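Heavy-atom basis, side chains included; hydrogens, waters and symmetry copies ignored. One is the number of the first residue; the rest follow in order along the sequence. Everything quoted here is computed from the prediction, not taken from an experiment.
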Amino acid sequence: MGKSKQTGNHKSDKKKNIAKTWKTKRRTKDLDQIHNDMKPGNAAKLLRQEVDYDVTGCAQHYCLHCARYFVDLKTMKEHFKTKVHKKRLKQLREEPYTQAEAERAAGMGSYIPPKTIEVQTQPVEEDMS
């Protein structure tokens, strides 16, 4: 019997780091990016998007806090009652980390505790279809 033609298949470049590929596949927005999206101007754009057939639910039902699209209004309302959404709201209460806070932590100033922000679930418009 001769040597197999498929040698070194386990170390190919395509499959080099499978764990990293799977971790980044379903990556969502970070908390500081969501805080940026929660600003009134950005929030209005995200909640009133044009119809996009490539996105779930044609981009009409978007949870601003979790950065997720939903198929219909009913599914989005059910999502607002879940642990995942409530946990995300709790995480968003803390002010985002800034460069000034990093400098204070490095010894270039006195410590100021992060402020808490009141975050509530976004209002749902019933007339959207």
Visitor: Per the ring-ring contact (aromatic ring centres under 6.0 Å, His included) rule, what does the pair list look like for residues 82-102, sequence neighbours excluded?
Guide: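 Non-adjacent pairs meeting ring-ring contact (aromatic ring centres under 6.0 Å, His included): His65-His85, His79-His85, Phe80-His85.
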Visitor: Which atom pair, heavy atoms only, marks the closest approach of Phe70 to Cys63?
Guide: CE1-CB, 3.6 Å
Visitor: In sequence, state the C-alpha distance, the side-chain angles, and the governing distance for Lys77 and Val124, and then conclude on side chain to side chain contact (heavy atoms under 4.5 Å, CB included).
Guide: CA-CA 8 Å; Lys77 284 182 178 180; Val124 179; 4.0 Å; yes
Visitor: Drop me the distance from Lys87's NZ to Leu92's CG, to the nearest 0.5 angstrom.
Guide: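 Here the interatomic distance stands at 12.5 Å.
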Visitor: Working to the nearest 0.5 angstrom, can you tell me the gap between Arg93 CZ and Gln120 CD?
Guide: 9.5 Å
Visitor: Just how far is it from atom CZ of Arg104 to atom CD of Gln99, taken to the nearest 0.5 Å?
Guide: 10.5 Å
Visitor: Considering residues at least two apart in sequence or located in another chain, which fulfil the side-chain contact (heavy atoms from CB on, under 4.5 Å) criterion with Lys74?
Guide: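 Applying side-chain contact (heavy atoms from CB on, under 4.5 Å) to Lys74 gives Asp72, Glu78.
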Visitor: Minimum heavy-atom separation for Lys29 and Arg88, please, with both atom names.
Guide: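 The answer is O-NH1, 4.2 Å.
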Visitor: List in chain and number order the residues that pass side-chain contact (heavy atoms from CB on, under 4.5 Å) with Val51, two or more places apart in sequence or in another chain; answer none if no residue qualifies.
Guide: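 By the side-chain contact (heavy atoms from CB on, under 4.5 Å) rule, Val51 matches Tyr53, Cys58, Gln60.
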Visitor: side-chain contact (heavy atoms from CB on, under 4.5 Å) with Leu46: which residues, sequence neighbours excluded?
Guide: Asp37, Gln49, Tyr62, Leu64
Visitor: So, using salt bridge (charged side-chain N to carboxylate O under 4.0 Å, His left out) as the criterion, who are the partners of Asp30 when residues are at least two apart?
Guide: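 Per chain and number, Asp30 pairs via salt bridge (charged side-chain N to carboxylate O under 4.0 Å, His left out) with Arg27.
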Visitor: Which pair of heavy atoms, one from Asn36 and one from Asn42, lies closest together, and at what distance?
Guide: O-ND2, 2.9 Å
Visitor: Rounded at 0.5 Å granularity, tell me how far CD in Glu101 sits from CD in Glu95.
Guide: 7.0 Å
Visitor: Do the side chains of Val55 and Val71 join up, straight or via other hydrophobic residues, at under 4.5 Å, putting them in one cluster?
Guide: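 No; tracing contacts between hydrophobic side chains, which count when under 4.5 Å, never links both residues.
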Visitor: Suppose we screen for side-chain contact (heavy atoms from CB on, under 4.5 Å). Which residues come up paired with Lys83, at least two apart in sequence or across chains?
Guide: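 Scan of Lys83 (side-chain contact (heavy atoms from CB on, under 4.5 Å), adjacent residues dropped) gives none.
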Visitor: Distance from His35 atom NE2 to Asp32 atom CG, nearest 0.5 Å?
Guide: 8.0 Å
Visitor: Between Leu47 and Gln122, what is the shortest heavy-atom contact and its length?
Guide: CD2-NE2, 3.7 Å
Visitor: To the nearest 0.5 Å, what is the distance between CG on Leu31 and CE on Met38?
Guide: 10.0 Å
